[in-house]
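Along the sequence shown, residues are numbered consecutively beginning with 1.
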Amino acid sequence: MTKMIPTDNAAFLNAFGMIVGGDTGLNASARRVEIVRIAQSTSGSDVDYVAEEVPIALVYNGISHAVMMATPAQLEEFGIGFSLAEGIVADLSEIYGIEVTEGCRGGKNIELTIASENFWKLKEYRRSMTGRTGCGICGVESLEGAVRPTPRVPFTQTFDLQHYERALNYLHEIEELGRLTGATHAAAWVNVDGSLAGGAEDVGRHVALDKLLGLRAKQGWTEGALVISSRASYEMVQKAAMTGVEIIFAVSAPTALAIEVAQKAGITLAAFCRRGRANVYTHPERLIGLGEQA
């Protein structure tokens with residue numbers, strides 16, 4: 001089946017910083033490439049758009065801490081969200097400055113200045129994560145560092161399931177780059193009234209979540225639920241717990257460890273979320289109207 005590319009829609013393509021009919025800009029999230037398209041009984045030359053994936057170095061007080069492969073957009077939010085989700089800082093007040101600069105091989109540096117106390121703790125508990133797409137705990141230096149202590153979130157949030165399907169639909173709305181390339185994951189923050197607060201997308205599901213958590217911290221969003229287009233792995237739940245997220249809706253499957261962590265952390269975890277159905281694995285008491293839905 002062929003993917004339809006709206007090459008005549010200049011406004012849509014320019015939303016990604018792309019020059020229609022020419023090369024992409026340095027900060028573009030997508031790139032135009034020539035292809036040979038095979039469709040049913042015909043074939044021929046055509047063009048397609050693919051998501052950019054570049055190395056992103058997270059640098060704290062001048063020292064490189066991790067390199068992740070990611071889409072070069074919302075990088076300030078990525079730096080903030082990564083710092084919070086990894087426990088490098090507890091809140092935004094411990095980040096004194098953040099700047100995105102050019103890196104080698106077409107990559108980017110996210111240079112953060114953090115409090116001295118946080119920096120020394122980071123040096124003691126350093127994770128060397130030269131990662132692949134969506135890399136998670138693959139680069140930790142010991143098994144003890146792979147599964148970290150998880151804080152328990154408070155019980156302050158509820159979510160009315162009358163807004164459930166609308167919340168899932170926001171993922172498609174957020175995935176503008178995904179609609180163009182078919183290559184991204186999305187994460188959305190949905191307010192308690194069912195409205196969309198905002199979202200982020202990336203080629204890696206962990207990075208998409210970090211970007212969303214950074215955006216959430218910058219905007220001060222606290223009430224609501226997290227919706228993700230991917231599976232609910234251990235690290236996705238861990239990142240949510242570290243930033244105080246109480247409710248997660250995941251489109252795909254959970255892992256056994258993710259369910260265990262969500263249970264202990266007090267997080268409401270629902271997965272296999274589709275129109276008209278979902279599996280709630282932990283703490284269903286936050287979901288209003290659950291009996292009616294069942």
Task: Under the side chain to side chain contact (heavy atoms under 4.5 Å, CB included) test, residues paired with Asn279 that sit two or more places apart - done: Phe272, Tyr281
Open item on the list: In the structure I gave you, are the side-chain heavy atoms of Gln157 and Val192 within less than 4.5 Å of one another anywhere?
Closed with: yes
Task: Name of the residue among Tyr164, Trp189, Tyr170 meeting ring-ring contact (aromatic ring centres under 6.0 Å, His included) with Phe249 - done: Tyr164
Open item on the list: So does Glu52 get a backbone contact from the side chain of Arg31, meaning a donor-acceptor N/O pair under 3.5 Å?
Closed with: no
TODO: Treating Ile, Leu, Val, Met, Phe, Trp and Tyr as nodes and any side-chain heavy-atom pair under 4.5 angstrom as an edge, say whether Val59 and Ile110 lie in one connected cluster.
DONE: no
Open item on the list: For the backbone of Thr243 and the side chain of Arg216, can you confirm whether one donor and one acceptor N or O come within less than 3.5 Å of each other?
Closed with: yes
- [ ] State whether a side-chain donor-acceptor pair under 3.5 Å links Thr282 with Gln263.
- [x] no
Open item on the list: Within the structure provided, determine whether Glu76 and Lys218 are in side-chain contact (heavy-atom separation under 4.5 Å).
Closed with: yes
- [ ] Give the C-alpha distance, both sets of side-chain angles, the deciding distance and a yes or no for side-chain contact (heavy atoms from CB on, under 4.5 Å) between Leu215 and Trp221.
- [x] CA-CA 9 Å; Leu215 179 62; Trp221 302 328; 3.8 Å; yes
Task: Joint hydrophobic cluster, Leu168 plus Leu287, side-chain heavy atoms closer than 4.5 Å - done: yes
- [ ] Output yes when a side-chain donor or acceptor of Lys211 lies under 3.5 Å from a complementary backbone atom of Ala73, and no otherwise.
- [x] yes
Open item on the list: Can a donor-acceptor pair be found, under 3.5 Å and without considering hydrogens, that links the side chain of Glu94 to the backbone of Ile114?
Closed with: no
Task: Minimum side-chain heavy-atom gap Leu58-Met68 below 4.5 Å - done: yes
Task: Within one Ile-Leu-Val-Met-Phe-Trp-Tyr cluster: Tyr234 and Val153, side-chain cutoff 4.5 Å - done: yes
- [ ] Go through Arg205 and Ile228 one step at a time and tell me if the side-chain contact (heavy atoms from CB on, under 4.5 Å) criterion holds.
- [x] CA-CA 8 Å; Arg205 66 185 189 277; Ile228 56 176; over 6 Å; no
- [ ] Using the side-chain contact (heavy atoms from CB on, under 4.5 Å) rule, take Lys123 and Ile63 through it: C-alpha gap first, then chi angles, then the decisive distance, then the call.
- [x] CA-CA 9 Å; Lys123 290 184 68 175; Ile63 304 297; 6.0 Å; no
Open item on the list: For Ile267, run the side-chain contact (heavy atoms from CB on, under 4.5 Å) check against Leu226, Val261, Thr150, Val237 and tell me which one passes.
Closed with: Val237
- [ ] Answer with yes or no whether the hydrophobic clustering places Ile247 together with Leu196; edges join I, L, V, M, F, W, Y residues whose side-chain heavy atoms lie under 4.5 Å apart.
- [x] yes
Task: N/O donor-acceptor pair under 3.5 Å between Asp91 side chain and Ser93 backbone - done: yes
TODO: Check for a donor-acceptor pair, side chain of Asn118 on one end and backbone N or O of Ile88 on the other, with a separation under 3.5 Å.
DONE: yes
Task: Donor-acceptor under 3.5 Å (Ser229 side chain, Ala186 main chain) - done: yes
TODO: Report yes or no: does Asn109 contribute a side-chain atom to a donor-acceptor pair with the main-chain N or O of Glu102 at less than 3.5 Å?
DONE: yes
Open item on the list: Treating Ser252 as the side-chain partner and Ser230 as the backbone partner, does any N or O pair qualify as donor plus acceptor under 3.5 Å?
Closed with: no
Open item on the list: Ignoring hydrogens and geometry beyond distance, is a side-chain donor-acceptor pair present between Thr71 and Glu201 at under 3.5 Å?
Closed with: no
Task: In one Ile/Leu/Val/Met/Phe/Trp/Tyr side-chain cluster, 4.5 Å: Phe82, Leu92 - done: yes
TODO: Is it possible for you to check whether Arg286 lies under 6.0 Å from the centre of the six-membered ring of Phe155, through NZ or CZ, and within 45° of that ring's axis?
DONE: yes
Task: With sequence neighbours excluded, residues passing salt bridge (charged side-chain N to carboxylate O under 4.0 Å, His left out) with Arg231 - done: none
